[in-house]
There are 2 protein chains.
Amino acid sequence: MAAGSVRNSREDVIAVALRLLDETGLPDLTMRRLAAALDVQPSALYWHFTDKQTLLAAVSDRIIDRVPSVRPRDDEGWAELALAEARALRDALLSYRDGAELVASALALGLGADAARERLRAALGRGDFDAYIVDAGADAMLQFLLGHVAHEQQRMQADSLGVVASPHAVRAEDASGTVPSQGAAFDFGFTLLLDGLAKHVRSAAGPAGLTASVR
Amino acid sequence: MAAGSVRNSREDVIAVALRLLDETGLPDLTMRRLAAALDVQPSALYWHFTDKQTLLAAVSDRIIDRVPSVRPRDDEGWAELALAEARALRDALLSYRDGAELVASALALGLGADAARERLRAALGRGDFDAYIVDAGADAMLQFLLGHVAHEQQRMQADSLGVVASPHAVRAEDASGTVPSQGAAFDFGFTLLLDGLAKHVRSAAGPAGLTASVR
DNA sequence: ACCTGAACACCGTTCAAGT
DNA sequence: ACCTGAACACCGTTCAAGT
């Protein structure tokens, strides 16, 4: 079942791991199963990667690197661009089972996922911000992004397994009469961050006084 | 070493698990080690909890439940209260090793951590918001909170193990000349969300036009 | 450059049975 | 109400050796 039936490159291992992730989910992506899918002994994987964490970080980076690049129109501001980047990242994470959880844990372990942060930082770079604001803003966006999508994916899986209807979902419907799409909820949360950042643009002073200052 | 040397209650198990978490970290908090700390066979744990996930969710809930309640002053607005709640939650997570990661993964699995969301929802309840805004706002706050603190804790551990200085930390210092405290970075990110929410207060209309609308 | 074979030191979970 | 004993079906990782 391994592609060319000869020896595997590091790239092959990542590709098969990605396929296995999507087919079986993160908890079942074990070194032994991955080795079996590659028609190889488990120990062979340790020639390519020093340990499982490193392997998973590489898979995580592969997901991020595949995110199509967003080409900003010239008239597009930092906020529109950041939202476009966020949507592209979300789509990529959603396209693999447990994608968000994988990337989130690679990030939490301090490996990989840097490319994602860089894209968000670059988008904010279009605005006139202090460097500190760019850092903190990109960090906040990334944390929200990964956490939200991981939660989305967990609910998708729980629903598909026919678990009890979550009380949270019920409440959301009660409130508005119509249940908003997941994409809309994501956009809304992300836009909260963008609105908050807008206050910190250097050139155009913020809406002084209108918003309660909490510091 | 178990408290009374007799049989254990469900509460005892949680308490010892919490101590073991803090001493050894989440990866080493195994059912077998926990059983040993309780002077009991591993199988005994399955009388108290159906599986490890459920046990960890209970530990997670215990951490959240211990967060001291924030008593709002009468003149305090929703934003100040939400920030106070967020700080209290952060402090509680920081006080146990891997606390944020534990709670984040319980939340991602759809178990526990509801109390944390409720506290944030309650804070927003002081403001004049659509119910939908309260839900999405509390969700965004919680995602940022858990992700940010998990990242903080991972960096603390990496630093204490003397790993290579992260390039990210270096950059932050370059930018501002002074390296801001972690608490300040947390407050800043959280305040971005609060500022974004302020635009959605029903009664007082937002600063129309000043902020680029991205929808 | 890439892999095998064999081993080490673990895991979570089940289940009949005990007190 | 709470636990033992024994087993099942796995894990990640190391390391000498092979081609």
Side-chain angles (χ1 to χ4, degrees), chain A residues 1-18 20-21 23-60 98 101-102 105-106 108-112 157 161, chain B residues 1-18 20-21 23-60 98 101-102 105-106 108-112 157 161:
Chain A
M1 215 168 231
S5 83
V6 255
R7 323 284 269 218
N8 300 291
S9 71
R10 188 185 155 94
E11 292 304 300
D12 296 331
V13 177
I14 296 175
V16 174
L18 205 46
L20 208 59
L21 170 70
E23 286 171 8
T24 68
L26 189 54
D28 285 344
L29 180 51
T30 68
M31 297 299 265
R32 295 178 111 102
R33 273 147 119 106
L34 175 55
L38 285 158
D39 262 320
V40 124
Q41 295 298 92
S43 49
L45 297 174
Y46 292 84
W47 192 89
H48 297 282
F49 300 92
T50 60
D51 58 15
K52 191 184 181 183
Q53 278 186 8
T54 311
L55 195 162
L56 290 183
V59 176
S60 164
D98 294 337
E101 201 188 329
L102 173 71
S105 80
L109 289 168
L111 315 157
Q157 266 182 269
L161 293 181
Chain B
M1 215 166 233
S5 83
V6 256
R7 326 284 270 217
N8 300 291
S9 71
R10 189 186 155 95
E11 293 303 300
D12 296 331
V13 178
I14 296 176
V16 173
L18 204 48
L20 207 60
L21 170 70
E23 285 171 8
T24 67
L26 190 54
D28 287 344
L29 181 50
T30 67
M31 297 298 266
R32 293 177 112 102
R33 274 146 119 105
L34 176 56
L38 285 158
D39 262 321
V40 127
Q41 294 298 111
S43 49
L45 297 174
Y46 292 84
W47 192 88
H48 297 283
F49 301 92
T50 60
D51 58 16
K52 191 184 182 183
Q53 279 187 8
T54 311
L55 193 162
L56 291 182
V59 176
S60 165
D98 294 336
E101 201 189 329
L102 173 70
S105 79
L109 290 168
L111 316 157
Q157 265 181 271
L161 293 180

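The sequence lines fix the lettering, A, B, ..., with proteins before strands; numbering per chain opens at 1. Hydrogens, waters and symmetry mates play no part in the numbers below; they use all other heavy atoms, side chains included.
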Discussion item. Give me the distance, rounded to whole Å, that separates D:dA9 from C:dC10 when you measure between the P atoms they each carry.
Written reply: 22 Å
> Looking only at atom C1', what distance separates C:dC8 and D:dC11, rounded to whole Å?
Replying inline: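 Rounded to whole Å, the distance is 12 Å.
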Over how many whole Å does the gap from [X] atom [atom1] to [N] atom [atom2] extend?
X       : N      : atom1 : atom2 : result
A:Asp12 : C:dA1  : CG    : P     : 16 Å
A:Gln53 : D:dT13 : CD    : P     : 8 Å
B:Leu29 : C:dC11 : CG    : C1'   : 13 Å
B:Arg10 : D:dA1  : CZ    : C1'   : 14 Å
A:Asp28 : D:dC11 : CG    : P     : 8 Å
A:Trp47 : D:dA17 : CH2   : P     : 20 Å
B:Leu34 : C:dT13 : CG    : C1'   : 15 Å
B:Phe49 : D:dC3  : CZ    : P     : 12 Å

One should read off an interatomic distance between B:Glu101 CD and B:Gln157 CD, to the nearest 0.5 angstrom, of 8.5 Å
Value for CZ (A:Phe49) from CD1 (A:Ile14), rounded to nearest 0.5 Å, stands at 4.0 Å
Between A:Asp51 and A:Tyr46, which heavy-atom pair has the shortest distance, and what is it?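 Minimum heavy-atom separation between A:Asp51 and A:Tyr46: CA-CE2, 4.0 Å.
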All heavy atoms of B:Arg7 vs all of B:Asp12, minimum pair found to be O-OD2, 4.1 Å
Walk me through whether B:Leu56 and B:Gln53 qualify under side chain to side chain contact (heavy atoms under 4.5 Å, CB included). CA-CA 5 Å; B:Leu56 291 182; B:Gln53 279 187 8; 5.9 Å; no
State, yes or no, whether a side-chain contact exists between B:Asp98 and B:Pro27 at a heavy-atom distance under 4.5 Å. yes
Taking C-beta and beyond as the side chain, do B:Leu55 and B:Leu34 meet within less than 4.5 Å on heavy atoms?
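Side chain of B:Leu55 against side chain of B:Leu34, heavy atoms only: contact under 4.5 Å found.
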Is any side-chain N or O of [X] closer than 4.0 Å to OP1 or OP2 of [N]?
X       : N      : answer
B:Asn8  : D:dC2  : no
B:Arg33 : C:dC11 : yes
B:His48 : D:dA1  : no

As its Watson-Crick or G-U partner within any shown strand, both distances under 3.5 Å, C:dT19 has D:dA1
Who does D:dC11 pair with, Watson-Crick or G-U, both distances under 3.5 Å?
->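 Base partner found: none.
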Of all the choices, [options], which nucleotide is nearest to the side chain of [X] once you look at every atom?
X       : options                : value
B:Arg7  : C:dG18, D:dT13, C:dC3  : C:dG18
B:Thr30 : C:dG12, D:dT19, D:dG12 : C:dG12
B:Arg32 : C:dA1, D:dG12, D:dA7   : D:dA7

(message) Against B:Val59, only a single residue in B:Leu18, B:Val16, B:Thr54 fulfils side-chain contact (heavy atoms from CB on, under 4.5 Å); can you say which?
(response)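 Going through B:Leu18, B:Val16, B:Thr54 one by one, the side-chain contact (heavy atoms from CB on, under 4.5 Å) with B:Val59 is satisfied by B:Leu18 alone.
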Nearest-nucleotide check on DNA chain C, B:Met31 vs A:Val13; residue mapping nearer the 5' end is A:Val13
So which protein nitrogen or oxygen atoms get under 3.5 Å of nucleotides 4-6 of chain C's nitrogens or oxygens?
residue	atom	partner	partner atom	Å
C:dT4	OP2	A:Gln41	N	2.5
C:dG5	O6	A:Ser43	OG	2.7

